[in-house]
Structures are given as C-alpha cells and as structure tokens.
**Student:** 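Please find one structure pasted underneath; my questions will follow.
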Amino acid sequence: GNLSFKPAETEFLDDDSSYDGEDVKISLDVNQMLLRGSSLRNTEYVYGVVIYTGHESKIMKNSASSRVKKSLIEIKTNYFIIFTFGFQIIA
C-alpha cells in the first residue's frame, strides 16, 4: 500500500492524509493515532504505521529526562572510596 501525507505541514494527520491499500483507502486522522506509552487492550491484531519516532517529536520534547536515584548507602560508599583513593595518593 501507499501512505500519503504532506511532510512539509506541521500537522501530519490532516484531511489529506490517507493509506491506500490494495482494495481499500483508509483516511488517517487523530482517531487512528496511538501515542507513545499508550496501551491497546481487547484487540486481536493491529496494523500499524510509524509516522515519526525521533527526538524532535512533540512527545519526546515534552518528556523529562529521568533522574538517577541513588541510595544513601551508595552515596556514602562512593564518598569513602574517593576519600580512600585520595588518601592513598597523598600517603
């Protein structure tokens, strides 16, 4: 099949977007879109088309980077290792 849309437009899924299969033409709009992180339930099968999956997409720009979590024991152990290494260099 063929996927047709206007890549220069800011909206990928506008009135002119469509999928032209062998015997059927399906109009693509917001109702057929599944965002990243969404889950689909009670469905036997899904036909999908990936439109854009880069770091410049709106969903990626709005997602915050995850913070690295360390326990107090990890922080103290790292401090003692650095202190011991520095003390061995000096002595």
Side-chain angles (χ1 to χ4, degrees):
N2 296 322
L3 179 66
S4 62
F5 63 94
K6 297 177 184 175
E9 298 291 325
T10 56
E11 295 291 328
F12 284 111
L13 300 175
D14 58 1
D15 294 334
D16 296 332
S17 300
S18 64
Y19 172 73
D20 190 12
E22 291 179 12
D23 55 349
V24 67
K25 185 173 183 176
I26 302 170
S27 177
L28 300 175
D29 61 5
V30 177
N31 295 327
Q32 284 86 23
M33 189 168 70
L34 189 64
L35 295 175
R36 178 181 177 221
S38 302
S39 61
L40 192 61
R41 297 182 185 180
N42 300 328
T43 305
E44 291 182 25
Y45 61 91
V46 174
Y47 294 110
V49 176
V50 177
I51 293 177
Y52 187 72
T53 59
H55 290 287
E56 296 299 317
S57 62
K58 191 173 187 178
I59 193 82
M60 288 296 287
K61 284 187 173 184
N62 288 335
S63 65
S65 61
S66 61
R67 192 177 145 218
V68 178
K69 294 181 180 179
K70 292 184 179 180
S71 66
L72 185 61
I73 293 174
E74 247 183 320
I75 294 171
K76 285 186 177 183
T77 304
N78 288 342
Y79 173 75
F80 287 132
I81 290 172
I82 292 171
F83 176 75
T84 305
F85 182 71
F87 183 74
Q88 287 180 353
I89 290 177
I90 294 172

**Student:** Could you check whether any side-chain N or O of Thr84 sits under 3.5 Å from a backbone N or O of Ile82, counting only pairs where one atom can act as donor and the other as acceptor?
**Tutor:**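 No, because the side chain of Thr84 does not come within donor-acceptor range (under 3.5 Å) of the backbone of Ile82.
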**Student:** Of all the heavy-atom pairs spanning Lys69 and Glu74, show the shortest one and how long it is.
**Tutor:**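 Distance-wise, the nearest heavy atoms are O-OE1, 4.4 Å.
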**Student:** Above 12 or not: heavy atoms from other molecules or residues under 6.0 Å from CD1 of Ile75?
**Tutor:**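 It does: Ile75 CD1 has more than 12 such atoms within range.
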**Student:** With rounding to the nearest 0.5 Å, note down the distance linking OG1 in Thr77 to CG in Leu72.
**Tutor:**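 It comes to 9.0 Å.
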